[in-house]
Amino acid sequence: MSTLPRYDAEQIERSLQDYWEQHQRFKAQENLDKEKFYCLAMFPYPSGQLHMGHVRNYTLGDLIARAERMRGKNVLQPIGWDAFGLPAENAALQHQVAPSDWTFQNIEHMRNQLKRLGMAYDWDREITTCTPEYYRWEQWFFIQLFKRGLVYKKTSLVNWDPVDHTVLANEQVIDGRGWRSNALIERREISQWFLKITAYADELLDSLEDLNHWPQEVRTMQAHWIGRSKGAQIIFAIEDSKDILEVFSTRLDTLAGVTYLAIAADHPFAKKISAHHKALQDFKEACKHQQTAEAELATMEKKGLFTGHYALHPLSGERLPIWVANFVIMDYGTGALMAVPAHDERDFEFAQKYDLPIKAVVLPANGSTWDFNSKPFVEKGTVQAPLSCQGLSSEQAYQSLLNTLSQSHQALEKINYRLRDWGISRQRYWGTPIPMVNCLACGSVPVAEKDLPVLLPTGITLTKPQSPLKDLPEFLNTPCPNCHQPAQRETDTFDTFVESSWYYARYASYNQHQAMLDGRAKYWTPVDQYIGGIEHAVLHLLYARFFHKALRDLGLLNSDEPFTRLLTQGMVLKDGSKMSKSKGNTVDPAILLKQYGADTMRLFIIFAAPPTASLEWSDSGIAGSHRFLLRLWEQAHKSQLHLSQVEIDPLQKFKETTNIRYDLHLIVQQVSHDYERQQFNTLVSGAMKILNLLEKENLARQTDAQKHFLSEGFSLLLRILAPITPHISAFLWTELGYPGSILDAPWPKVDPEALKRDEIALVVQINGKLKATLQVPAQSDQKSIEALILENTHLAKHLKGQAIQKVIYVPNRLINFVVEVSHV
RNA sequence: GCCCGGGUGGCGGAAUAGGUAGACGCAAGGGACUUAAAAUCCCUCGGGAAAAUUUCCCGUGCCGGUUCGACUCCGGCUCCGGGCACCA
């Protein structure tokens, strides 16, 4: 008895990884003979350590990339680093390291970790967004957008920390206070750059319909985010004033129910009247300490103050009190709203709190009554007022009032969007400098394209939370590109979502130094398969879609959407909650990699849950996955001797193994289907089932039929596993003497002959409840089945004395007898 | 608060188009091997009742509906998760 060689995962994996790298097995080239397949997992932020979420993301991507290669595609799978961002500045302050040094060290470490996982990346195309080679083209693109009128400046609100003198991100505001200073934050208006994503709102919404291979939930979320609605912009005159208030409402039918108006604390009218209004000044001061996040606005206590002024109802001329309300924000819409407490939840609560009138004007269409003192009626119905609309449906009243009011120029139909333009200015250091110059004479002027990139000074160690760029004269001072007089650079940097909105295209033109993109980007884009966390469902994916369309309109790309197929992976949990350092429930991939190897880790993370579901980490689960690979190793080696002697003749049929080949190919069929629908966890179940079959047959392995079966079985099994556990599969493929490299072996195919059956198991039900399963000839007709059942004593007993009312027969599947229930 | 998901044994999960609920694995219990342990292999494994392998009842978060038949479709709830525009 010869002893089995030991399964040394690390040795096998490292040597194969070296071999693949030396022979550039994953280098992508444009090839018009093969269908291209661009597979991309969202690139990581280089936080320093690979975590389980990364392992999951990149294993899923690698699985698909490798499988598509086996399916004959010309595959591109690149990787890079989303390297600008807040954590580098935090680390810099904490550890006194330059953000650039910290970032590049992290990248170095994480690159090694990814390589050790055996990902089939084309490393030549590695992109790092904090390098000038990358961000110069982002600056160039920004200038193109500027030239096309898609960039503008306006003031908007930020969280201001009055102690640290810096703008805080939403996540840095904890219970209304700065995370470092603990100071009560203030809402501050500052001037910022915006990209006109709203110019593409219609297309972004309408083309969602074409994204057939995106999860419906993501499309729904984006559609709601864009929030296109038709409504009326209505003008309310203000009593004893030339000023007017403009509001937008989709429910013009409730106009007669307006009992007050609410405006933002920083609405121009509120500003105007606050000069001699102490209470209003105090109220505005209090509003300053509110946060800007929408979740905050929605859940905080709703407060208001009567301004003492009245607006006039456009229909009746009735006096409507104008209130200032803390939940109305100048950044959204017109900063003013008409309140209809009888027909709106929030208006109702506010009216109850401040004892404002509730005036019902719409009733349920079915004629039922409604208690307007307990809750508002928010649906559409039958309109009661004004008189001219009495009895009309909400829709009819809307049209009627719109006609009337637009004739008198008091209203205008308008398409409104919930989507707001994208504010891209950040008052941060570690980001792409915004390529603009502020000149006293010429205003904001873009940097000349020949002077790009505007380099971000590196090697700077931060000493305080504010951006150092303002304090660097050599960065700040520059002649105006227009009049050449002394001027100053913009010191704000881009939102890091800007980098992640076009990186997928740059991978194609990674070494192009004369242009942002070239023809190769048109060849490779759109990405055929994009993989990333569901948390990016709206923002990142919407911004990237916007950029793609803008790049198309510049002629740089020729498709309408960046990502054809989207897979949103679930989170990795431990003990029911998200792995995080603060909870102390992290699992370090590096330790497991050392203990079990890359294949085990990849296998477990694919097996443990379907890709879109959250994945509960299990230490014993990963041990089980390792055990499976050990069994595979053992069984493969046990059969090795025999396989080399087998002459494989695929046309040869063996009666002896008909049944087991049926089982085998049924699994292969299931596995193929599971790959198509991206349910990869059952791909692993299938592989396990095949190994169970092979193990049984391996005990005997004497006849030609059995040898043939083993040869076929291992060939299928190893190819199914190759995208998931590439190292052990490649190694055993060669050990067992299969031809060529498994990297290029074809994806398994079902033998339809093996699936032909003479007999099938038919389910017998009575009143929908399972009573038996019968082996019957395939394609039997109903009559012969019924006859068969009456011969069966057990079943006949059930049917005896029952009045059969109906028989449902689904051929090759089930027969259901519907009988009258004889007793209660 | 609003928008979008999810809830199936002790655990992770399976059930492809409304047709056998619990595949595959983990844990647990029992057994074999061993001086012993580990490893490995075999058996059992949703709950209850009767019972020789079988039979009956209950069971997919909760309540209700559609259907010959519902984990699957519809209505209402509940709990958990994701997003809410400056975390990425």
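On a predicted model such as this, the values are computed, not experimentally measured, just so you know. Chain letters run A, B, ... following the sequence lines, proteins first and then strands; every chain starts at 1. Below, all heavy atoms of this structure are taken into account, side chains as well, without hydrogens, waters or symmetry copies.
Rounding to whole angstrom units, CD1 of residue I329(A) and P of rC2(B) are separated by 18 Å. Atom-to-atom, CG of D674(A) to C1' of rA14(B) comes out at 10 Å; the value is rounded to the nearest Å. One interatomic measurement links the two molecules: CD of Q222(A) to P of rG5(B), which rounds to 14 Å at whole-angstrom precision. rU16(B) atom P lies 18 Å from atom CG of N812(A), rounded to whole Å. In this structure, N326(A) atom CG and rG1(B) atom C1' are separated by 13 Å, rounded to whole Å. In this structure, the NE2 atom of H626(A) is 13 Å from the P atom of rA39(B), given to the nearest Å. The interatomic distance linking K769(A) (NZ) with rC57(B) (C1') rounds to 8 Å, in whole Å. In this structure, K638(A) places its NZ atom 13 Å from P of rU40(B), rounding to the nearest Å.
The gap from the P atom of rU72(B) to that of rA17(B) amounts to 15 Å, rounded to the nearest Å. Comparing the same atom, P, in rA14(B) and in rC73(B) gives a spacing of 15 Å after rounding to whole Å. Between rA21(B) and rC74(B), the distance separating the two P atoms is 22 Å to the nearest Å. Taking atom P in both rG30(B) and rU20(B), the straight-line distance is 36 Å, to the nearest Å. Using atom C1' as the reference point in both rG29(B) and rC84(B), the two lie 50 Å apart (nearest Å). On the C1' atoms, rG31(B) is 36 Å away from rC71(B), given to the nearest whole Å. Taking atom C1' in both rA32(B) and rG19(B), the straight-line distance is 42 Å, to the nearest Å. Remark: the separation of the P atoms in rA15(B) and rU8(B) is 15 Å, to the nearest Å.
Here R180(A) pairs with D164(A) under the salt bridge (charged side-chain N to carboxylate O under 4.0 Å, His left out) rule; sequence neighbours left out. Applying the side-chain hydrogen bond (donor to acceptor under 3.5 Å, both in side chains) test to D619(A) and every residue at least two apart in sequence or in another chain returns W617(A). Take T292(A) and apply the side chain to side chain contact (heavy atoms under 4.5 Å, CB included) test, not counting sequence neighbours, and it matches L157(A), N159(A), N170(A), R187(A). Shown here are the salt bridge (charged side-chain N to carboxylate O under 4.0 Å, His left out) partners of D495(A), two or more places apart in sequence or in another chain: R426(A). When the salt bridge (charged side-chain N to carboxylate O under 4.0 Å, His left out) test is applied to E89(A), no partner is found at least two apart in sequence or on another chain. For K154(A), there are no salt bridge (charged side-chain N to carboxylate O under 4.0 Å, His left out) partners two or more places apart in sequence or in a different chain. Contacts of Q782(A) classified as side-chain hydrogen bond (donor to acceptor under 3.5 Å, both in side chains), with partners at least two apart in sequence or in another chain: E786(A). The side-chain hydrogen bond (donor to acceptor under 3.5 Å, both in side chains) check on T491(A) picks up K470(A), with sequence neighbours excluded. Scored by the side-chain hydrogen bond (donor to acceptor under 3.5 Å, both in side chains) test, R6(A) finds D8(A) as partners (sequence neighbours excluded).
Both key distances under 3.5 Å define a Watson-Crick or G-U pair, and stretches of 3 or more such consecutive pairs in RNA chain B run B:1-7 with B:78-84, B:10-12 with B:24-26, B:28-32 with B:40-44, B:46-50 with B:54-58, B:61-65 with B:73-77.
Which of rC68(B), rC4(B), rC58(B) sits closest to the side chain of H224(A) comes down to rC4(B).
Mapping Q679(A) and V810(A) onto RNA chain B via the closest heavy atom, the residue that lands nearer the 5' end is Q679(A).
Looking at Q222(A), H224(A), Q216(A) one by one, the single match for side-chain hydrogen bond (donor to acceptor under 3.5 Å, both in side chains) with T220(A) turns out to be Q216(A).
In this structure, H673(A) reaches the bases: a heavy-atom distance under 4.0 Å links it to at least one base atom across the strands shown. Residue K771(A) is in sugar-phosphate contact alone, with no base atom involved, counting any heavy-atom pair closer than 4.0 Å across all strands shown. Counting any heavy atom pair closer than 4.0 Å across all strands shown, P610(A) reaches sugar-phosphate atoms only and no base atom.
Annotation: Y503(A) is not in aromatic contact with W81(A) [ring centroid separation under 6.0 Å not met].
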Expected string for nucleotides 82-88 of chain B under the B/S/- scheme (protein heavy atoms, under 4.0 Å, primed atoms plus P, OP1, OP2 as sugar-phosphate) is SSBBBBB

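Here Q670(A) does not reach the OP1 or OP2 of rA15(B): none of its side-chain N or O atoms lies under 4.0 Å away.
For rG9(B), the glycosidic angle deviates from 0 by 90° or less, giving a syn base. Shown here, rA14(B) is classed anti by the O4'-C1'-N9-C4 or O4'-C1'-N1-C2 angle, which is more than 90° from 0.
Between F327(A) and F350(A), the two ring planes are perpendicular [angle over 60°; tilted spans 30° to 60°].
Judged by distance alone, the side chains of D421(A) and T198(A) do bring a donor and an acceptor atom under 3.5 Å apart.
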Which pairs, protein N/O on one side and nucleotides 20-29 of chain B N/O on the other, fall under 3.5 Å?
unit_1: rA23(B); atom_1: O2'; unit_2: K689(A); atom_2: NZ; d: 3.0
unit_1: rA23(B); atom_1: N1; unit_2: S685(A); atom_2: OG; d: 3.4
unit_1: rG25(B); atom_1: OP1; unit_2: N692(A); atom_2: ND2; d: 3.3
unit_1: rC26(B); atom_1: OP1; unit_2: R627(A); atom_2: NE; d: 3.4
unit_1: rC26(B); atom_1: OP1; unit_2: R627(A); atom_2: NH2; d: 2.7
unit_1: rC26(B); atom_1: O2'; unit_2: S620(A); atom_2: OG; d: 2.7
unit_1: rA27(B); atom_1: OP2; unit_2: R627(A); atom_2: NH2; d: 3.4

